[in-house]
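Okay, so here's the structure we're looking at.
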Amino acid sequence: MLIDDYKKEIAERIREYFREKYGVEPKIRFTPPPSFEVADIATPIGFSLAKVLKRPPEDIAKEAAEVVKGLDFVEKVEVAKGYINVFLDKKRALKDLLEELQGDPLSFEKKNKKVVVEHTNINPNKAAHIGHVRNAVLGDALARILRRYGYDVEVQNYIDDTGVQVADTVVGLRFLRGLRKEDLDRYEPLDKYCRHVYTLVNKRYEIDKELVKYQREVLKELERGSSELAEFAREVSRRICKRHIETMYRLEIEYDLLTRESHIIRLGLAEEALRKLKEKGVAVEGEDEFSGAIVIKLPNKREFKALDKGAKVLVRSDGTFTYLLKDIGYTLRKFGLVDKDFLYDVFMRYPSGKELRTTSFEGKKDGFGKADIVINVIDIRQGVLQAIIRYALEAMGYEEQARNFIHYAYGVVHLSKKTAERFGIYSKKEIVKMSGRKGIGIIADDLFDEIEKIALENILSKHPELDLKEAREIARKIMVASVRYMMLKYDRLKDMVFDIEEAMNLSGESGPYIQYSVVRAKNIIKKSEPAEFDPEGAFLCDKERPLVRSLLEIRERFVEAAEKMDPQLLARYAYELAMRFNEFYESCRVAGEPDHIRGARLGIVKAYIKAMELLLDVLGIPIVEVM
RNA sequence: GGGGCCGUAGCUCAGCCUGGAUAGAGCGCGGGACUUCUAAUCCCGUGGUCCCGGGUUCAAAUCCCGGCGGCCCCGCCA
């Protein structure tokens, strides 16, 4: 049993009592006690019933307390005002905890539902920046959580290889730099080089109208060309895409499938969507300012109030498709609502041997898509567009799919003034907005390098005996913990201000802090003589109880995070546990203690390690042996 | 103009969904603890008109209404 089970029994017992005695059906809420000194489990039952029973809250609480006292896992119950404060039988609870952690408290029944999570989605025209990292880390954590929760999860990464952004970079490489395919090898890492090129092109557009003509030419070639220029452009975007995959792999983020926009176009998914929308009369010829275009008519719903025109373009007057239409088409494919399908080819192989596949017309058939739930991890600013996709599904008659189409939104990453200055960006404002076009931002790989450098210095100074290769790998894992925790600890819907000092600080409320607590736990195991678990030796040190009490919440916390799809809750829980463990570590010794004490504490330490292995795996934070 | 989000300590943020006990962390600042399982740690201290006003309630940071301030969206870009 864990805390969720205890609560359930307490609630049932109280409910039953009040139902039988007074004929009322109280709703029992549990409130976190101010501290575990006050209670293990608390509920303000007296207040909730005072009105119905017309009696003082304290009286009612006293009555409820008597009922709860009978439960075998309860040691004592105190009444404070309208609250009842339940104290668990600590030794019983500890035994329950160890038993649960012997197995897997986070194993859930298969739901037999497929979820497609699409994240990262970086334009393959320049280096990834920290905004993209937030997207990828959130998406990856979400995928891991849902997988653990029993869903069949497929991770896709949408590559817009035909868009304006790629065209701009290609214009720069070809018409400003005069590069050809065979030159590209000399410009690695290409993503970083292209960042400058892209910024330069955007500046040049303002003064050089000739260049804009090239942009259109490239754009056309990207969609359907087979010329040398088209080949070149494809190679550029392929290489940069590969770089993005490598960048994210540094954080141990992997994908199952790359979907390329050029393939979506070629497969005719946009036409398919358009046909269905026209059939339902939702896609129509545009009028007035939209004349010549085909638009989707939007109902007068709140989420579309922002759009004052009541319609959105699907097909431009020049006949090209907007991203919106392409995405509607592709969403149909994800849900398996169209028969048309790609063939799938291998894009690359991860070191683990896992294949990263890509949409194609040359590989073989496969079972990608056919999702029950589709989740798009996309910037909050695109909320209206995502709402339109959902509406389009509804309008086409796919109401269930519309309900299961989730825009997993997240806030924008800005830079703190100090951080911006470090990168040569000066502003009067305290918060500096990034801009891909202007090249204002922090490149993901640069950030990772910096953090790894600091971590490596630390690790080598503390453990000079480590060989460099080993130390580097540990430094990398510390970097992963640092970056991932930073991206998960904030409310995902809120904008965040990125401060590089904070990111590189490996102590405080951080990933490395959590990792370090696990290293300490493992050291205890390594350095202590083994001893049988003995409940008699438990709770002789006052930091054991809060740790055990917190560990009992593992399933409850995980389920809440999974239901709400909120990795932040788990990140903070992991931190809370690490804090409690560090307190335990400081005041309760294990090695060298008498057998019964050592046995009990080793049990707690092992439980902590097991719990953290489960939690950190779901958060994508690696565990290290030494740091 | 319309729609949305946000406002909690010097700074960065939890808590608000689902009202409940003295409002919590981290950073910063001041002090203390390493012959002991690694001090990337811990302990003590410092610091708050929970933006303002009103309402609902036994009870409001939390729910409702109205202000004020900041941000985002409202492209035939994505």
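Chain letters run A, B, ... following the sequence lines, proteins first and then strands; every chain starts at 1.
Applying the side-chain contact (heavy atoms from CB on, under 4.5 Å) rule to A:S317 yields no partners; only residues at least two apart in sequence or on another chain are considered. Residues satisfying the side-chain contact (heavy atoms from CB on, under 4.5 Å) criterion with A:Q165, sequence neighbours excluded, are A:N123, A:N125, A:K126, A:Y198. Among residues two or more places apart in sequence or in another chain, the ring-ring contact (aromatic ring centres under 6.0 Å, His included) test is passed with A:Y158 by none. Partners of A:Y575 under the ring-ring contact (aromatic ring centres under 6.0 Å, His included) rule, at least two apart in sequence or in another chain, are A:Y513. Remark: A:Q215 pairs with A:D168 by the side-chain hydrogen bond (donor to acceptor under 3.5 Å, both in side chains) rule, at least two apart or across chains. Applying the side-chain hydrogen bond (donor to acceptor under 3.5 Å, both in side chains) criterion to A:E465, with sequence neighbours excluded, gives A:H463. In this view, A:Y573 satisfies the ring-ring contact (aromatic ring centres under 6.0 Å, His included) rule with no residue, not counting sequence neighbours. Residues passing the side-chain contact (heavy atoms from CB on, under 4.5 Å) test with A:P34 are A:V38, sequence neighbours excluded.
Nucleic acid contact class of A:A42 (heavy atoms, under 4.0 Å, all strands): base. Within the nucleic acid shown, A:R572 comes within 4.0 Å of sugar-phosphate atoms alone, with no base atom in reach, counting heavy atoms only. Nucleic acid contact class of A:F47 (heavy atoms, under 4.0 Å, all strands): base. Heavy atoms of A:E501 sit nowhere under 4.0 angstrom from any nucleic acid atom. The residue A:L493 sits apart from the nucleic acid: no heavy atom pair falls under 4.0 Å. Note on A:I478: a base of the nucleic acid sits closer than 4.0 angstrom, heavy atoms only. Base contact: A:N458 has a heavy atom under 4.0 Å from a base atom.
For the P atoms, the distance from B:C42 to B:C27 is 9 Å, rounded to whole Å. Here the separation of B:C34 from B:U22, taken at their P atoms, is 37 Å to the nearest Å. B:C50 and B:G24 have their C1' atoms separated by 12 Å, with the value rounded to a whole Å. Nucleotides B:U12 and B:G45, compared at atom P, are 26 Å apart to the nearest Å. Taking atom P on both nucleotides, B:C52 is separated from B:G32 by 38 Å, rounded to a whole Å. Using P as the reference atom, B:A23 and B:C13 are 23 Å apart when rounded to the nearest Å. A distance of about 13 Å separates the C1' atoms of B:U49 and B:A9, rounded to the whole Å. Taking atom C1' on both B:C64 and B:U56, the two are 7 Å apart, rounded to the nearest angstrom.
Using the Watson-Crick or G-U wobble rule with both distances under 3.5 Å, B:U57 pairs with nothing in any strand shown. Under the Watson-Crick and G-U wobble criteria, each requiring two contacts below 3.5 Å, nucleotide B:U12 is paired to B:A25. Nucleotide B:G1 forms a Watson-Crick or G-U wobble pair with B:C74, both donor-acceptor distances falling under 3.5 Å.
At whole-Å resolution of the value, CG in A:L324 and P in B:A78 are 9 Å apart. The nearest whole Å value for the distance from the CD1 atom in A:I451 to the C1' atom in B:A40 is 14 Å. Distance A:R580 CZ to B:G24 P: 13 Å, rounded to the nearest Å. Atom OH in A:Y330 sits about 17 Å away from atom C1' in B:A78, given to the nearest Å. We find that CG of A:D566 is positioned 11 Å from P of B:C16, with the value rounded to whole Å. Between the CD1 atom of A:I84 and the C1' atom of B:A21 there is a distance of 15 Å, given to the nearest Å. The CZ-P distance, from A:R260 to B:A78, rounds to 20 Å in whole Å.
Among the nucleotides B:U41, B:C43, B:C17, the one closest to any side-chain atom of A:N582 is B:U41. Of the candidates B:U12, B:U57, B:U22, the closest approach to any side-chain atom of A:Y490 belongs to B:U12. Distances from the side chain of A:Y323 to the nucleotides B:A78, B:C42, B:C77 place B:A78 closest.
The 5' end of RNA chain B is approached more closely, in terms of each residue's nearest nucleotide, by A:E303 than by the other of A:E303 and A:L385. Residue order along RNA chain B, read from the 5' end via each residue's closest nucleotide, puts A:E560 first among A:I474 and A:E560.
For the residue pair A:N135/A:Y410, the side-chain donor-acceptor check at 3.5 Å is satisfied. Between the side chains of A:N157 and A:H119, not a single donor N or O lies within less than 3.5 Å of an accepting N or O. The closest side-chain donor-acceptor pair between A:Q386 and A:Y391, if any, does not fall under 3.5 angstrom. Judged purely by distance below 3.5 Å, without hydrogens or angles, the side chains of A:D491 and A:Q568 never pair a donor atom with an acceptor atom.
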B/S/- along nucleotides 69-76 of chain B (protein heavy atoms under 4.0 Å) is --SSSBSB
Please lay out, stage by stage, how A:K62 and A:D59 fare under the test salt bridge (Lys or Arg N to Asp or Glu O under 4.0 Å).
CA-CA 5 Å; A:K62 276 181 185 155; A:D59 273 18; 5.0 Å; no
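For A:K564 against B:U18, a side-chain-to-base donor-acceptor contact under 3.5 Å is present. Judged by atom type and distance alone, A:N85 reaches the base of B:A21 through a side-chain donor-acceptor pair under 3.5 Å.
An OP1 or OP2 oxygen of B:G7 is reached within less than 4.0 angstrom by a side-chain nitrogen or oxygen of A:K494.
Note on residues 39-48 of chain A: pairs passing side chain to side chain donor-acceptor pair (under 3.5 Å), not counting sequence neighbours, are A:D40-A:R545.
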Distances under 3.5 Å between protein N/O atoms and the N/O atoms of nucleotides 26-31 of chain B, please, pair by pair.
residue, atom, partner, partner atom, Å
B:G26, O2', A:E509, N, 3.4

Please list each protein N or O that sits under 3.5 Å from an N or O in nucleotides 35-38 of chain B, with the distance.
residue, atom, partner, partner atom, Å
B:U36, O2', A:R589, NH1, 2.7
B:U36, O2', A:R589, NH2, 3.4
B:C37, O4', A:R589, NH2, 3.4
B:C37, O2, A:A591, N, 3.3
B:C37, N3, A:V590, N, 3.3
B:C37, N4, A:Y585, O, 2.6
B:C37, N4, A:C588, O, 2.8
B:U38, OP1, A:N523, ND2, 3.1
B:U38, OP2, A:K527, NZ, 2.8
B:U38, O2', A:Y516, OH, 2.7
B:U38, O2, A:K462, NZ, 3.1
B:U38, N3, A:H463, NE2, 3.4
B:U38, N3, A:M627, O, 2.4
B:U38, O4, A:M627, N, 2.8
B:U38, O4, A:M627, O, 2.8

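With salt bridges taken as basic N to acidic carboxylate O contacts below 4.0 Å, one links A:E586 and A:R520.
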